[in-house]
Amino acid sequence: MSAPMLRAEGVKTQYGKIIALRGVDLDVNEGEIVTIIGANGAGKSTLMMTICGAPRASEGRILFEGQDITRMPTHEIMRLKIAQSPEGRRIFPRMSVFENLQMGAALDNYAHFNDDLERMFDLFPRLKERLHQRGGTLSGGEQQMLAIARALMSRPRLLLLDEPSLGLAPLVVRQIFDVIRDLNATEGLTVFLVEQNAYHALKLAHRGYVLVNGAITLSGTGRALLENPDVKAAYLEGGA
Amino acid sequence: MAVGPVSASAPGPVAAALKDAVISAALTALLLVPLVGLRATEQGGGPLILTTRFGLVAIFGLIVGVLRFVLLLTIWHPARAKPGRTGPALFNGLGDRLAPVLKPAFFGILLVYPLLAVLGSGGLGPSRYWVDLGIYILTYVMLGWGLNIVVGLAGLLDLGYVAFYAVGAYTFALLSTSIPVSDFFAGALGADFWKAWSFWVCLPISGILAALWGVILGFPVLRLRGDYLAIVTLAFGEIIRLVLINWVDLTNGGAGISSIPPITFFGIPFTNSDGGFASLFGLTFDPMHRNIFLYFVILALAALTALATVRLRRMPVGRAWEALREDEIACRSLGINTTLTKLTAFSIGAMFGGFAGAFFAVRIRFVSPESFTFMESAVILAIVVLGGMGSQMGVAMSAILLIGGMEMLRNLTFLKSPWLLGPDFDPSLYRMLIFGFAMVAVMAWRPRGLVSGRLATIFLKHRKKVSGDLVAEGHG
Ligand SMILES: Nc1ncnc2c1ncn2[C@@H]1O[C@H](COP(=O)(O)OP(=O)(O)O)[C@@H](O)[C@H]1O
Ligand SMILES: [Mg+2]
């Protein structure tokens with residue numbers, strides 16, 4: 001088997017004295033959907049942001065396609081065909097949907113902007129209807145769609161998603177997860193998904209990791225984790 | 001603004017309003033008796049003399065009473081429908097329809113303004129006041145547009161913009177009066193070269209040096225945001241001013257630099273001599289030629305600022321500025337180099353400040369640190385904020401309103417009548433009052449500035465207006 005697309009080796013991250021990650025190892029292979037589940041404050045967002053270089057890992061290494069990106073500036077990491085939809089969506093509220101999408105394509109110098117725009121309309125027809133509306137006036141679900149679409153505009157090979165289901169109605173969550181599954185199945189997009197919504201995330205993902213207090217305690221296929229009694233007890237009680 | 005339903009109101013509200021108004025007027029007058037009505041003046045070192053100004057007190061009381069009465073029956077009328085939170089929609093509708101013709105019309109008026117001034121005042125000589133006023137206002141339009149790049153587009157609150165204005169002014173002042181530089185050019189290009197060309201050579205240098213200082217300031221403050229950035233830039237503005245005051249060897253300290261050579265028509269001096277502008281163009285000499293030329297120079301510089309901003313906004317760096325203003329973390333997650341983006345905003349904004357500074361120096365022909373106080377930064381910032389951050393038309397309008405308004409204060413000579421404020425009352429000292437009123441009025445009725453809608457800067461096939469009214473209050 002070839003080397004993984006993304007690899008974290010003993011990654012440790014601190015905010016001042018607070019240790020948020022205590023040596024995390026993980027692999028994401030090309031074409032996979034890999035999820036990190038964990039409770040609030042476990043360090044999931046920190047892990048994703050560390051991959052992007054802000055904050056920096058104080059120990060350990062992060063490799064993308066064999067290249068060490070641990071010390072690279074964030075904007076250069078994002079040029080390596082990695083795209084991110086950060087926690088809280090962070091769309092540009094006073095820019096229109098169209099302008100938000102443009103910002104996503106800026107890295108590629110708008111080379112295939114119109115094609116990609118059409119593709120986003122196919123994936124999220126809602127965005128087409130809202131094209132000239134301000135981002136800040138979209139509903140939560142639409143904002144999340146926009147955040148994902150904006151990330152996809154740079155034609156990434158690895159998509160990092162931080163809690164796309166946060167605060168959304170179950171129906172909207174299903175819609176968004178369906179799009180992610182489609183993208184993975186038809187285009188082979190590799191997805192690294194951070195979620196608190198363990199049930200949906202594990203059903204979607206090929207593999208998953210459980211993060212507790214900044215350390216990985218369990219890993220396995222999505223199905224195996226779904227059936228694991230510890231995971232069931234800690235994260236799945238009460239269903240989706 | 002629509003008039004309230006006065007006719008529909010029963011006698012009750014009118015009577016109540018009248019009663020309220022009388023009470024307010026009486027209270028105001030009562031309060032103002034010690035504050036305004038009695039005044040102790042000193043006369044030639046003698047004893048204090050108490051003068052009374054009860055006429056003024058009565059006028060203030062009357063103003064309050066009448067205003068309250070009118071407001072109670074109109075805007076504050078209980079039966080009146082509450083207006084929307086976004087202010088008069090009339091403005092927006094009008095703005096939308098006028099938008100395509102507004103800018104060319106505005107620029108056209110600016111172009112023919114000196115002609116109008118000459119015709120309106122009946123000759124070159126008498127038009128001096130109006131042409132100078134135009135130059136003065138346009139300088140602030142340009143400064144507003146320059147700062148708009150930093151504050152309005154990139155969202156970096158810069159309270160020390162005047163520093164770059166000062167750098168530009170002093171660069172030109174020092175170079176143009178420097179004897180070694182003059183001697184150097186005298187040897188190479190003739191004795192009069194430097195006197196004739198110093199402004200045109202120094203203008204780009206002033207801009208570049210100011211931009212360089214923008215980078216120098218940019219580096220340490222890159223990590224700062226919001227309040228912290230504002231404080232550091234404020235300090236930077238003060239430091240530059242203190243250096244100008246204290247580095248006497250270079251800047252001549254508080255006494256300033258005088259005898260700066262005047263502007264030339266690209267090398268041709270505006271003098272009453274054979275080689276002068278007037279004789280070369282077959283005109284009778286008039287000192288106003290130079291003022292009118294100065295007007296067109298600042299108009300060209302301001303237009304350059306505006307056009308450059310429009311172009312930059314359509315380029316990736318301009319889009320990145322706007323995105324930076326909205327959300328820095330999102331910018332980074334999209335692969336935007338936020339450090340570089342901030343630096344370009346700072347330095348490009350500073351460059352236009354430097355151009356304006358060089359122009360200031362060549363117009364006044366004297367620079368001193370007094371011209372570059374924090375007050376200047378505050379005025380320029382007020383122009384940007386009142387204009388609606390990011391809107392160029394808005395910034396131009398608010399510069400005209402604020403600077404023109406302050407200037408008009410000088411003309412309120414009727415206030416000097418003995419039973420109002422007295423002959424030693426100087427209305428121009430109250431210019432800050434205009435700011436206060438303008439700020440309060442705009443923030444109350446147009447909280448996003450005079451021109452709040454912003455045209456989406458879309459450069460592909462779509463072009464549509466993103467209305468300022470669609471978004472919830474208070475972002476940013
Ligand atoms: N900017 C920050 N400064 C200090 N501590 C932080 C910061 N961001 C996160 N933390 C801390 O790091 C830990 C992990 O947070 P986070 O990665 O956001 O968790 P999760 O995304 O799993 O909810 C928490 O204890 C949190 O308080
Ligand atoms: Mg999180």
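In what follows, chains are A, B, ... by sequence order, proteins preceding strands, each numbered from 1.
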Open item on the list: Just to be sure I understand the criterion: a residue of residues 142-153 of chain B counts if one of its heavy atoms is under 4.5 Å from a heavy atom of chain A. Which ones qualify?
Closed with: none
Task: salt bridge (Lys or Arg N to Asp or Glu O under 4.0 Å) pairs, two or more places apart, involving residues 384-397 of chain B - done: none
Task: Those residues that, when tested against A/Leu183, pass side chain to side chain contact (heavy atoms under 4.5 Å, CB included) (two or more places apart) - done: A/Arg119, A/Leu123, A/Leu152, A/Val179, A/Glu187, A/Leu189
Open item on the list: Any salt bridge linking A/Glu87 with A/Lys44? Criterion: basic side-chain nitrogen under 4.0 Å from a carboxylate oxygen.
Closed with: no
Task: ring pair (Phe, Tyr, Trp, His ring centres under 6.0 Å) partners of B/Phe346, counting only residues at least two apart - done: none
Open item on the list: Any non-hydrogen side-chain atom of B/Gln392 less than 4.5 Å from a side-chain atom of B/Val310?
Closed with: yes
Open item on the list: With chain B as the partner, which of A/Gln84, A/His75, A/Met49 has the greatest number of non-hydrogen pairs under 4.5 Å?
Closed with: A/His75
TODO: List the steps and the verdict of side chain to side chain donor-acceptor pair (under 3.5 Å) for A/Thr13 and A/Thr46.
DONE: CA-CA 8 Å; A/Thr13 304; A/Thr46 304; over 6 Å; no
